[in-house]
2 protein chains.
Amino acid sequence: MEAIHPQTGALIRKLESIAHLTPEETAALQRLPLRLKTVAADQDIVSEGDTASECCLIVAGFACRYNVTAEGKRQILSFHISGDIADLQSLHLTVMDHSLSALIPCKLAFIQHDDLRALMGGHPRLGDLFWRDTLIEAAVFRQWVVNVGRRPALTRMAHLLCELLVRLRAVALVEDHAFNLPVTQADLADAMALSNVHVNRVSQELRKMGLIAFQGKTLRVLDWEGLKTTGEFDPTYLHLAKKDAL
Amino acid sequence: MEAIHPQTGALIRKLESIAHLTPEETAALQRLPLRLKTVAADQDIVSEGDTASECCLIVAGFACRYNVTAEGKRQILSFHISGDIADLQSLHLTVMDHSLSALIPCKLAFIQHDDLRALMGGHPRLGDLFWRDTLIEAAVFRQWVVNVGRRPALTRMAHLLCELLVRLRAVALVEDHAFNLPVTQADLADAMALSNVHVNRVSQELRKMGLIAFQGKTLRVLDWEGLKTTGEFDPTYLHLAKKDAL
DNA sequence: CGATACGTTGACGGAAATCAACCCCGGTGG
DNA sequence: CCACCGGGGTTGATTTCCGTCAACGTATCG
């Protein structure tokens, strides 16, 4: 009998936010064999071109997936937080078509593909749930396209912050509409396809509007309704099971 | 014994482009019960907010998924061609977070979710293959983000055309580097997050560069290497099984 | 043959990029 | 203890890519 791994706590919370888990399924998740590791800030966890045989669960920290264009511009494709398996797709797409990198020092737990396959074999509903998770991820990418493609900078930033708040709340990392956002403005710029200078200006504007406030690296949402409105934020695309408190 | 449906031909070709199919699997796919339908151009096939109980296979035509922002701007999220199941995600995400629309008159084949589930139950490898297909779709969304976010208009258009050519070739719709592209410049604009005016200019530039030529609605790629280069196109993200002739 | 949709062109405007400072703060080492 | 350093945040001046507007050409079709 394998030990119960507390590092799966956030993962279980996250999965419970998108579907119901039975006690057996929870227990099976907690018994997943993990290879723990910590990485420093700005370090690649998996690089474009790698072929993976394990998936990376974020236990604590902030990571992102990104691509770099020929002109050397970085585009961040998604942010990843506690509870995310940031490269679940590697289960069926062995070659990485992008890189995964730590934005701040991260605690990671690697899970062998074979162990995941065994888990899904024994618990088909978990297989479906992981599939569902990757589909939600794809929905987030779609919104990212809309955001980057068609929304002006102010709306764009508001939308991104709304998404982060809702996702962080699902893993209990939001308290009283405030959460830790330990990334730089340059990171946000690469996520929103803006320049760091413009992110700075837009951030100031959101503060002047009384929607948000920064206390060091923690972001406090002062006017949630206002932020949702200026961000045109509709959480449907996150496909949460519990629609409360949105 | 159900009849064999020729409408699944492109689907089978497409799946074979990303993995091997056994004769039994092919036969099972061909026996899928289909509800055939044709839709006119510019008509929604599935709309945002709908809850689906079937998936939509494109038999012939050109479709797209899109979202509309509060300011009324449309962002096309993906193009869909023969062989694509354009809303496979509805299997696990019942509420549509975007719309699916025909860009030209389309022949469609709807497949009940229950029939797909039965198919995957009897053929687990097909289940994995469908999952893989949605993961590749997600990879395409990621490239779409990079394209829209960080590439200048000329590169952006070249990249999109490269992607379309490779995907169309997988379903045998490319002959001698030429294919039917029956969409308007306004459609391309909404896909690339540009204005239709600018698409027109960029399109002219690609023609002046000798990379492409239009003969009515068919696009001929005159310089495939050149187009790939100006589009910074690397087909890795399409995760094709056969890497030949890229 | 007019209606209509799509492609094309030119003039102008604007949102955001770029460039270049400067500030602030925490860390570090002489 | 303080000078130094470097990363990140902030600001202003200037530029640029692309959007918007408006007109006109062109092809298809009932």
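Lettering follows sequence order; numbering is per chain, from 1. Computed from heavy atoms alone, side chains included, the values below leave out hydrogens, waters and symmetry copies.
Residue A/Arg207 is classed as a sugar-phosphate contact, given heavy-atom separations below 4.0 Å to backbone atoms only.
The closest donor-acceptor contact from the side chain of A/Asp223 to the backbone of A/Gly226 lies under 3.5 Å. At least one donor-acceptor pair under 3.5 Å links the side chain of B/Asp187 to the backbone N or O of B/Thr184.
By the 30° and 60° cut-offs, the orientation of the rings of A/His159 relative to A/Tyr237 is parallel.
The distance from atom CD of A/Glu205 to atom P of C/dA15 is 12 Å, rounded to the nearest whole Å. Remark: P of D/dG8 and CD1 of A/Ile104 are 13 Å apart, rounded to the nearest angstrom. Across the protein-nucleic acid pair, A/His198 atom NE2 and D/dT14 atom C1' stand 16 Å apart, rounded to whole Å. Remark: C1' of D/dG6 and CG of A/Asp42 are 14 Å apart, rounded to the nearest angstrom.
In the region residues 177-196 of chain A, proximity to DNA chain D at under 4.0 angstrom, judged on heavy atoms, holds for A/Thr184, A/Gln185. Near DNA chain D, meaning a heavy atom under 4.0 Å from it, residues 152-164 of chain B has B/Pro152, B/Ala153 in order of number.
Listed nucleotides D/dG9, D/dT11, C/dG10 differ in distance to B/Val197; the shortest reach to its side chain belongs to C/dG10. Considering only the side chain of A/Lys217, D/dG9 comes nearest among D/dG9, C/dT8, C/dA17. Distance from the side chain of A/Asn200 is smallest to D/dT10 among D/dA13, D/dT20, D/dT10.
We find that A/Arg167 and A/Glu163 are joined by a salt bridge, their nearest charged nitrogen and carboxylate oxygen being less than 4.0 Å apart. Electrostatic pairing of A/Glu232 and A/Arg150 does not count as a salt bridge here, judged by no charged N lying under 4.0 Å from a carboxylate O. Ion pairing of B/Asp234 with B/Lys228 is absent here, as no side-chain N (NZ or NE/NH1/NH2) approaches a carboxylate O to less than 4.0 Å.
Across B/Leu227 and B/Leu211, no two heavy atoms sit closer than the pair N-CD2, 3.8 Å.
The closest side-chain donor-acceptor pair between B/Asn200 and B/Gln185 falls under 3.5 angstrom.
Within the 4.0 Å cut-off from OP1 or OP2 of C/dG7, not a single side-chain nitrogen or oxygen of B/Gln204 is found.
Atom CD of B/Glu175 is surrounded by 12 or fewer heavy atoms from other residues, nucleotides or ligands within 6.0 Å.
When the nearest nucleotides of DNA chain D are assigned to A/Arg150 and A/Ser203 by heavy-atom distance, the more 5′-ward of the two goes with A/Ser203.
Side-chain to base pairing of B/Arg201 with C/dG7: no donor and acceptor N or O lie closer than 3.5 Å to each other.
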